[in-house]
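As structure tokens, the structure follows; a few thoughts come after it.
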There are 2 protein chains.
Amino acid sequence: MAFHKKEEFTQKEQDLAAFAKAMSHPARIAILKILAQRNECICGEIVDVLPLAQSTVSQHLKELKNAGLINGTVEGPRSCYCINWKAFEKFSSEFNILFNHLKVKNEKACC
Amino acid sequence: MAFHKKEEFTQKEQDLAAFAKAMSHPARIAILKILAQRNECICGEIVDVLPLAQSTVSQHLKELKNAGLINGTVEGPRSCYCINWKAFEKFSSEFNILFNHLKVKNEKACC
DNA sequence: ATTCCTCATCGTATATTTGCGATATAAGAT
DNA sequence: ATCTTATATCGCAAATATACGATGAGGAAT
């Protein structure tokens with residue numbers, strides 16, 4: 001990957017960026033909402049709810065899974081996704097730490 | 001834009017996604033950190049600290065500005081950037097709301 | 001065994017992002 | 001007026017992301 005310089009930054013910066021990237025599409029945020037609203041993660045209704053083709057939704061699910069934000073078990077005909085709360089909270093708190101760290105230093109904007 | 005369907009989602013989903021997108025690159029997270037560490041927003045040393053060309057940094061700054069996360073005033077030879085705390089906290093709290101909303105419903109993962 | 005149903009994956013087209021060098025711009029210094 | 005310095009913008013190339021239709025794979029139902 002001679003073109004991308006992401007690996008030149010700290011691991012924390014990369015992790016945070018990867019998390020943000022996973023959430024950087026409205027479809028994926030919508031998917032997370034849907035997953036959270038079902039007590040049982042019987043999925044596939046996602047396709048009916050979203051204005052996207054089945055293959056596209058599948059792709060978004062894959063990305064969320066790769067980012068570690070959701071778990072998924074493929075069981076033959078139907079697969080089951082749900083939120084990985086552990087990772088989610090970890091990232092969520094890391095975000096807060098960043099926010100607070102930023103906030104502590106300088107509260108008044110100068111421009 | 002016959003190809004992108006982002007506008008088919010709710011405004012909140014789009015806003016959150018746009019915010020996440022602005023933070024979805026380690027360079028931009030690094031820039032936010034740097035901006036926060038200076039009490040006065042004398043900028044431009046950013047280029048020296050980051051492993052990126054000046055034009056690339058300028059581009060990242062522009063994106064952060066477009067997303068509303070930072071303010072910037074161009075004053076001829078040198079320009080001045082700093083964090084837009086208001087927008088930053090607004091988005092930050094919206095993220096937390098989403099996180100908490102998600103968390104309330106279902107605490108135990110089923111897969 | 002054949003037909004469905006649900007989902008993943010492949011191939012493809014288009015759009016966007018990332019990065020750099022070169023150039024432009026704008027103010028201060030000489 | 002010219003030079004310098006700091007930054008933005010342009011133009012380009014490579015890489016990624018987004019989206020879809022078509023196809024594959026794996027069970028369930030008949």
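Residue numbers start from 1 in every chain, and the chains themselves are labelled A, B, ... in the order their sequence lines are given, proteins ahead of strands.
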Could you give the distance from [atom1] ([X]) to [atom2] ([Y]), rounded to the nearest 0.5 Å?
X	Y	atom1	atom2	result
B:Gln59	B:Leu61	CD	CG	10.5 Å
B:Lys12	B:Ile97	NZ	CD1	6.0 Å
A:Leu50	A:Ile34	CG	CD1	4.5 Å

### Message
Would you call the rings of A:His60 and A:His25 parallel, tilted or perpendicular, taking 30° and 60° as the class edges?
### Response
tilted

[X] has an atom [atom1]; how far is it from atom [atom2] of [N], in whole Å?
X	N	atom1	atom2	value
A:Glu8	C:dT18	CD	C1'	14 Å
B:Asn66	D:dA8	CG	P	12 Å
A:Ile31	D:dT18	CD1	P	11 Å
A:Lys62	D:dC20	NZ	C1'	16 Å
B:His25	C:dT17	NE2	P	12 Å
A:Ile70	C:dA8	CD1	C1'	13 Å
A:Arg78	D:dA28	CZ	C1'	9 Å
A:Glu63	D:dA17	CD	C1'	7 Å

### Query
Which heavy-atom pair separates B:Gly68 from B:Asn84 by the least distance, and what is that distance?
O-ND2, 3.1 Å

### Query
A:Arg28 side chain N/O closer than 4.0 Å to the phosphate oxygens (OP1, OP2) of D:dT18?
yes

### Message
C:dT6, OP1 or OP2 - any side-chain N/O from A:Tyr81 closer than 4.0 Å?
### Response
no

### Task
Please answer whether the main-chain N or O of A:Lys21 pairs with a side-chain N or O of A:Ser24 as donor and acceptor at a distance below 3.5 Å.
yes

### Task
Would you please name every residue forming a ring pair (Phe, Tyr, Trp, His ring centres under 6.0 Å) with A:Phe9, sequence neighbours left out?
none

### Query
Which part of the nucleic acid, if any, lies within contact of A:Lys21, taking any heavy atom under 4.0 Å across all strands shown: a base, the sugar-phosphate backbone alone, or nothing?
sugar-phosphate

### Task
Mind running a 4.0 Å heavy-atom check of residues 49-61 of chain A against DNA chain C and sending the residues that fall below it, in number order?
A:Gln54, A:Ser55, A:Ser58

